[in-house]
Amino acid sequence: MSDVVEVSFTVNGVARSVSVEPRKTLADVLREDLGLTGTHLGCEHGVCGACTVLVNGSSARSCLMLGVQAHGAEITTIEGLSVDGELNTLQQAMWESHGFQCGFCTPGFLMQITALLAEEPNPTEAQVREVLSGNLCRCTGYQTIVEGALRAAASARSATATVRGSDLAPKEPA
Amino acid sequence: MAQVMAQRFTGTPVKRAEDPRILTGRGRYVDDVTFPGMVHAAFVRSPLAHARVVSVDTSAAKAAPGVLAVYTGPEMEALIEPGPYGMAAMMNIWPPAHSLLATDKVRLVGDLVALVVAETRYLAEDAAELVEVEYDPLPAVMTAAQALDPESPLIFEDLGSNVLAGPKVTTYGDVDRVFARADRVVRATISQHRHQNVPMETRGAVVDYRKDSGEVEIWSANQGVALVATVLSARLGIPREKVRARAADVGGSFGLKIGAQREEVAIAAASRDLGRPVKWIEDRHEHLMAAGHAREETLEVEAAVTNDGDILGLKVGIVVDAGAYPGLGGMVTNIIEGMVPGPYKIDALSFSSTSVVTNKATYVAYRGPWAAETFVRERLVDLVARELGKDPLEIRRRNLARREDNRQMVTGRSLAGITAYESLEEVLGRIDLPAFRARQETARNEGRYLGFGVATYIEPAPGTRANGPLGAEQMRMELAEDGTVLVYTAQMPHGQSHETTLAQVVADNMGVPFEGVRILYGDSAVSPPGLTGGSRSATMAGGAALTTARLLRDKVLDVAAHLLEASRDDLRIENGSVLVAGVPARAMTLAEVVGALRQPGRLPEDVDTELKVENVYDGGTGGWSGGTHCAIVEVDLETGLVRIERYLVVEDCGEVINPAIVDGQIRGGVAQGIGAVLLERSAYDAEGNYLSSTFMDYLLPTSMEIPSIEVVHLEPVPLDPVVNFRGVGEGGMICTPAAVCNAIEDALAPFGVRVLEQHLPPARILELVGVIEPE
């Protein structure tokens, strides 16, 4: 058997160390060594995007990356999106938009949209469609996923507005 | 007369019950299932389309690190009982006889030659590369014409030819008379190309054979666990009761994942042989190459028409390229034959069909497997219009049957309740066609080519009662201790959202909250036998849910009448509680009802206190789904690219359970239809090498190619006194290729183009208009 290498990284905010073969993909490390099966493999050649995760905040195809290449990185997977067990803004928006059907492509879309909205909180439909053109879905025809992304952006904006509004309100004495 | 229920959920876009787990990465797809001590399988597959297997040397592979076993064809045959797999098993197609792994020959690129089992998938794939196979190549039979040539080599010796089914000729009505009466006969040869389902999750299974009990548990990606268990039991030669087939989340299928397939039986045999759980997850290369292909058909059609535009009769001859192993290819012609007249007043049909075997991937069911009937008919209507110099819409208006005609299709199916004509009118009410024609004319003068196309179809979803007996749908329902309604369905959802739609129907008809219903499926030990497919679930499972919930409600009310000492007629169930009319204080929750039944002596002995119902729903009157699709396209003659400017669906699927889910089904089907026309093709070269085994070669539509799709629902025509939900899974895919091709032909009308094929990628568009020379 091949030698194994010790790899350390942060996954969904938690420091993790695993001993893996150098040839093992990041996707397989996440799924098999860390039990994070929310990341899916749809093609294993970097086209379908189902395996997309965030590596240091940027979207990456975990099927095209080796686990050892992620040493020292901050990784976010679909399991890291919800906050205190509650769906986050994007997940809520997708639920309301009936974004997905079979759900297999879902992790990749959610991570890709997360990366998009971090960079561009106010995307146009054309921008969303272009960014999502690297993720394949066979069930939906994409329309509800695009709607969900735009809904998430709108709802994040209105949440921000609410926070700003309350910031201006007089503070109750402690 | 059915009791009218207070409806709070049915008909509304209730958010999906599936989504909280899907959106958080907590789904359980087959590759997420693990067993202690599990090992991994990889297959050695044929690089040749047709060859004799001379020898298989597994010694190096067996000696490789982590390898537990390597099985050749003869070794595998010793572990199993010969017989059909997958869909061929469902239809009991045997002969042609064949082995699981190749014993004597291989019949397609990707055919199974050997199985390697190792500690990890990486090690299994390493070892698979070490298996040495010597082949003696045979000429490959790569086209239907080659298959029909008696000089071609036989793919299955026991068939005696390469013809799997037919030739079969059937006539309906007086074909000779209508052709004699016709002013002219419009002829065309129209083909559908080979393309494929491509669910985002490939096939796969985990099998755990327990030596102690002789029981086997299989988790697989499938459309129905019962058939998985049946096939596995037959091929392993063990009793059906000892096989437990399971599935949780399934990442799409569209007709592909039926029963236990060869690979799944092979790993089950290996699990029994090794005493270890074995997992196989197909990779995308294997999937595109060998999981199965669909839709390779050529149809020669003749339409007897009058100069006024009446279509009197059709002659249709179809040849299906069924690929290498038995699947749907030998049977699909029967459905195409029954459906080809569609919603039209066609009085005579002659239909001849032949299915042939070739050295290509097996023909499988793909969303609306019989869709050739709609494609060829809706293309033909436009071709008739062009030949007569008339508007295709006028030809449709003249020839579509109206509901008040009370017609049957000439093939015998009742057309009761169809709304095809209304759907066409609704489309035309939403498109300003004169304005489009003016814009088209202006654009043409600028060298831009716009086109408008429509297509109309109906789909037996499930079809009217007059079509013959339908398979019935079983369902069980019971009240859990906490008052939750447990629903055991025969459906095996793989994207259809049954956990939501069936819960909506049950909640309304039982009188409980949506969250008070749990839909349970995917376990052959407890799930009633059945299958999700054929656009049946809305009527069959929806109808079973409605009728079974009412039976359970009645049982609860019988019991509650005693517990509450009230007249049964004064009771109703609302929001999970039994209420007494006029006495709000005397309400009982369903949990309290269940609890009371556990107390001895609370009820007279003759009262049935089992709050469980087993029911069989027969489909009632049934009915058609259908509609009209409209595409407006622009064809770029520099690039050959087709852009879809607008896509409108006017649809009738009866009473809608959840409009968001229904629209999602339609849009997904339309996207697959657009992909089929503009992008997708399962391509082989003349030697049988498969050319489309990656997503760089087999192009799926992306968010850039699929436009926003408008969906409009017609007011349903109730046929049944109780259940008028109708299926909607397949229609989008059935109708789209014709609508898009009709629009493209309209766009290219200035060039006299006739579209006689379904696949129109940029290169073919440029060939059709003469920008580039055909290959």
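Here is the naming used below: chain letters follow the sequence lines, and residue numbers restart at 1 for every chain.
- Looking at Leu132(A), both its backbone and its side chain come within 4.5 Å of chain B, counting heavy atoms on both sides.
- Nearest heavy atom pair, residue Val47(A) against residue Met696(B), reads CG2-SD, 3.5 Å.
- In terms of heavy-atom pairs under 4.5 angstrom with chain B, the leader among Thr77(A), Thr106(A), Asn88(A) is Thr106(A).
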Test salt bridge (charged side-chain N to carboxylate O under 4.0 Å, His left out) on Glu125(B) and Arg23(A) and set out the steps. CA-CA 13 Å; Glu125(B) 290 182 6; Arg23(A) 66 171 173 170; over 6 Å; no

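- For Arg138(A) (side chain) and Asn197(B) (main-chain N/O), a donor-acceptor pair under 3.5 Å exists by modelled atom type.
- Counting all heavy atoms, side chain and backbone alike, Pro707(B) lies closest to Gln143(A) at O-OE1, 4.2 Å.
- A distance-only check finds no donor-acceptor pair linking the side chain of Tyr142(A) to the backbone of Ala671(B) [under 3.5 Å].
- With chain A as the partner, the residue from Ser708(B), Gly668(B), Gly252(B), Ser703(B) showing the most heavy-atom pairs under 4.5 Å is Ser703(B).
- In this structure, chain B has a heavy atom under 4.5 Å from the side chain of Leu110(A), while its backbone stays farther away.
- Residues Thr140(A) and Arg667(B) come closest through the heavy atom pair O-CB, 3.7 Å.
- Of the listed residues Pro13(B), Pro199(B), Gly251(B), the one with more heavy-atom pairs under 4.5 angstrom with chain A than any other is Gly251(B).
- Minimum heavy-atom separation, Cys43(A) to Phe695(B): CB-CD1, 3.5 Å.
- Looking at Ser133(A), the atoms closer than 4.5 Å to chain B (heavy atoms on both sides) sit in the backbone and in the side chain alike.
- The minimum heavy-atom distance between Ile22(B) and Ile78(A), with the atom names listed, is O-CD1, 3.8 Å.
- At a threshold of 4.0 Å, the pair Arg31(A)-Asp31(B) counts as salt-bridged, since one of the basic side-chain nitrogens sits closer than that to a carboxylate oxygen.
- Contact record, Lys15(B) with Gln92(A): NZ-OE1, 4.1 Å, taken as the closest heavy-atom pair.
- Residue contact with chain A, scored on non-hydrogen atoms closer than 4.5 Å, involves the backbone and the side chain of Val198(B) alike.
- Interface summary for chain B: among His45(A), Glu79(A), Glu44(A), Lys24(A), the most heavy-atom pairs under 4.5 angstrom belong to His45(A).
- Between the Arg129(A) side chain and the Ile706(B) main chain, a donor and an acceptor come within less than 3.5 Å of each other.
- Note on His287(B), His494(B), Gln672(B): by heavy-atom pairs under 4.5 Å with chain A, the leading option is Gln672(B).
- Of the possible polar contacts, none joining the His40(A) side chain to the Gly25(B) backbone as a donor-acceptor pair under 3.5 Å is found.
- Of the two parts of Glu125(A), only the side chain, counted from C-beta on, holds a non-hydrogen atom closer than 4.5 Å to a non-hydrogen atom of chain B.
- Formation of a donor-acceptor pair under 3.5 Å by the Arg16(B) side chain with backbone atoms of Gln101(A) is found in this model.
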